[in-house]
Amino acid sequence: MIRRGLTILLILLLSGACARRAVADEPIVLRDAAQHELRLPQRPERIITLLPSLTETVCALGQCGRLVATDRYSNWPDSVNRLPKVGGLEDAQIELIVSLKPDVVILAHATRVTQRLRELDVPTFDVETRTYAEIYRSVAAIGRLLEVPDRAATLNRDIERTIDAIAAKARQSLRSRTPLVYFEVDNGPYGAGPESFIGEMLSRLGAHNILTPELGPFPKLNPEYVVRHNPDVIFISPKEAPNLGNRPGWDQIRAVREARICSFSPEVRDTIVRPGPRVAEGFKAVADCLARVAP
Amino acid sequence: MSTAGALAPTGEAAQTGDGASRFALWLLACGAITLVLTFASLIVGTSSIRNSIDWLLSPEAQSNTVLWHIRLPRAIGSWLAGALLGVGGAIAQGLFRNPLAEPYLLGSASGAALGVTVSLIAADTSLTALAWTGELGVTGAAFLGAGAGIALTVTLSRGVLQTASLLLAGIVVAYLLSAITSLLLLSSPDTWRAMQAFMLGSTAFLSWRSALILGVALLVCAVPTILLARGLDALTLGEETAESLGISLPALRLALLTILSLATATAVGQVGLVGFVGLVAPHLVRESILVNQRQLLVGAALCGGVLLQAADLVSRWAIRPAELPVGIVTACLGGSYLVFLLWRRARSA
């Protein structure tokens, strides 16, 4: 009896081991956003990310421990600040990356870095995160790459559910009002157009962007354009906010006159402008401010 | 003037009565172009031209803001900044007797840019919307930076006597100061974003206040320069000749370099690094009329003003209601003009 039991246990153990081996032996074959085929001999354990949103995605999938380095801008979650920094997406330190022997480098479209890494036989995985749809796709793709597809599906469901709830609430609180908004991303002035990721957020919250789609995602505007369209609410960096009235003619804008300005601390701003897993947090920050200041 | 001499520094002046009246006519033409461009600046913007004309005919609160507080100060500010760069260019080309000299030489522009960067990082603010004190502060920092850049250049070249080593030192200092600026910006990403518009040149936020600062600087620069024009005239005949005429070259150079850094710094502080205007404006004058140094200075100011005003117009018209950085427009306009001059010279040679 005991012997039989032991035999069964042995068989079970062996089959288990075989099953694990079979999975581990099976190479991972994936196609990235650039339609480049990636073959990994085994589950990637040493990962480098070259964009904050990608770092955040890996960590949100509970795989932070597999990161061996990130780009210099990644700062969330706190634990990634202790990892080596390998420069930015466009000026990545190739030598440092190679010396860290990553199983895969996750990055967004960056021709020079991708090409150089591939020449050096460092596997790269290209992910695009410019729109909401792309966020979900990239979370799913990274989930497949890291072999945690279920977690990715759950994460995506959570993000979607939270955003839908916030958007529904925001539209309800605005009711029939559609505040005219201007979102300045940079002081050129560059605004966020309706087709940009931020523009999509604004329209889902029931706001009306003063920029039109044909201007492109982040156009450099003639400042006169903003004065003429007289937005009800302006989103702008805290540095610029106190001086808006000093811009020629801007003291006439309703948002400036009635102090309907939304600015966010750098930490909150990160959640708004990074198309990653914390997008729902950013969404909530924008919705809250809009609800507070919109006429 | 012969086409072969188009790129050469000013020759002797035509001081006949005929020359003077032709110059007056030329000035009148420049003034007329300025008026036309200013009017065009009023009706070109994010609205249609018909719409703008309606606004002019039947004003209302918002159109008044757009026309008189955005478009007009922008047009006038652009003109004044261009004029400062034109004066700077004429000074630089006369002083160094080199047709490729420009106000950004000798480290003045890179010094001004460094000054602006340091002041923005120190004050933790951005350029687009400064209060009075902030705007004067940035201009002051730009002036200090430009002055420091030029002083460093002069020290490196051991005085202002050797034109060639002065220019060489200027190039070295310009690279060095730009590198320091880049380093500072790299360590302060927020300011980097704010400085991007500045590096490409921007007339977008010129206000009446900017126009006033530029106007005062133009007066302060142009009047003494015109008084010193005799010295520049003598200098065109060669350094020995100038000294034999009783002109103190070190004093003349010091005075002109100070004016050059003030002109460059004020323009750079208000509109960023707008290239080519200072280089091209004096050439445009020499190309169209025979002048002495005094006339060249006045002419280059007008030409520089017209150039930058036109460039501002193009920048807001080309892809309206979006906008091109004005530095890109001046580089295209000025660059193609220089290419044209070179092509003509090659053909006539």
Side-chain angles (χ1 to χ4, degrees), chain A residues 52 71-73 75 87-88 90-91 182 184-191 193 210-231 234 236-254 256-257 261 263 265-266 269-270 273, chain B residues 44-47 51-52 55 61-74 77 120 123-132 134-135 186 189-198 200 202-211 312 315-325 328:
Chain A
D71 68 301
R72 73 166 76 87
Y73 304 107
N75 55 2
E90 298 297 340
D91 61 343
Y182 166 63
E184 185 165 303
V185 285
D186 222 327
N187 66 347
Y190 293 87
I210 63 163
L211 270 59
T212 49
E214 68 270 14
L215 284 168
F218 296 107
K220 178 174 162 64
L221 290 172
N222 183 337
E224 170 192 317
Y225 183 90
V226 183
V227 174
R228 281 192 53 220
H229 287 80
N230 196 18
I234 291 179
I236 197 159
S237 80
K239 263 189 198 181
E240 297 278 332
N243 295 321
L244 272 186
N246 286 331
R247 294 184 180 182
W250 283 50
D251 50 351
Q252 303 297 312
I253 298 175
R254 181 176 185 187
V256 179
R257 256 187 3 246
I261 310 285
S263 0
S265 67
R269 185 190 152 86
D270 283 348
V273 299
Chain B
V44 169
T46 59
S47 60
N51 207 334
S52 303
W55 282 352
Q62 197 201 42
S63 64
N64 274 342
T65 305
V66 170
L67 292 179
W68 311 116
H69 293 279
I70 299 181
R71 292 186 187 171
L72 192 59
R74 202 177 154 167
L120 289 187
D124 194 28
T125 180
S126 82
L127 255 187
T128 40
L130 292 166
W132 252 118
E135 212 153 326
L186 259 179
D190 276 0
T191 313
W192 192 2
R193 294 152 53 86
M195 286 292 285
Q196 249 171 0
F198 174 85
L200 292 174
S202 172
T203 43
F205 287 112
L206 285 174
S207 59
W208 281 120
R209 204 163 54 200
S210 332
D312 171 54
S315 90
R316 50 171 133 154
W317 175 76
I319 50 167
R320 66 188 180 285
E323 190 163 294
L324 290 172
I328 292 178

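It should be emphasised that the depicted structure is a prediction, and the values quoted were computed from it without experimental measurement. Below, chains carry the letters A, B, ... as their sequence lines are ordered, and counting in each starts from 1.
Only the backbone of B:Leu324 comes within contact range of chain A, with at least one heavy atom under 4.5 Å from a heavy atom of that chain. Only the side chain of B:Arg71 comes within contact range of chain A, with at least one heavy atom under 4.5 Å from a heavy atom of that chain. For chain B, the nearby part of A:Gln252 is the side chain; its heavy atoms alone come within less than 4.5 Å. Within the 4.5 angstrom heavy-atom criterion, atoms from both the backbone and the side chain of B:Ser207 approach chain A. No part of B:Ser210 comes within reach of chain A, as not one of its non-hydrogen atoms sits under 4.5 angstrom from that chain.
Residues passing the salt bridge (Lys or Arg N to Asp or Glu O under 4.0 Å) test with A:Arg72 are A:Asp91, sequence neighbours excluded. Partners of B:Ser63 under the side-chain hydrogen bond (donor to acceptor under 3.5 Å, both in side chains) rule, at least two apart in sequence or in another chain, do not exist in this structure.
Summarising the local packing, CH2 of B:Trp208 is surrounded by more than 12 heavy atoms from other residues, nucleotides or ligands at distances under 6.0 Å.
Of all heavy-atom pairs spanning A:Lys220 and B:Ser202, the tightest one is NZ-OG, 4.2 Å. Minimum heavy-atom separation, A:Asn222 to B:Arg316: ND2-CB, 3.7 Å. Across all non-hydrogen atoms, the minimal contact from A:Tyr225 to B:Pro321 is CD1-CB, 3.2 Å. Here the closest non-hydrogen pair linking B:Gln62 and A:His229 is NE2-N, 4.4 Å.
Proximity of B:Arg209 to A:Asn246: side-chain heavy atoms (C-beta onward) are separated by under 4.5 Å at one or more points. Annotation: side chain of B:Arg74 is not in contact with side chain of A:Pro248 (no heavy-atom distance under 4.5 Å).
Separation of atoms CD (A:Glu224) and OG1 (B:Thr65) is listed at 11.0 Å; rounding is to 0.5 Å.
Of the possible polar contacts, none joining the B:Glu323 side chain to the A:Pro223 backbone as a donor-acceptor pair under 3.5 Å is found.
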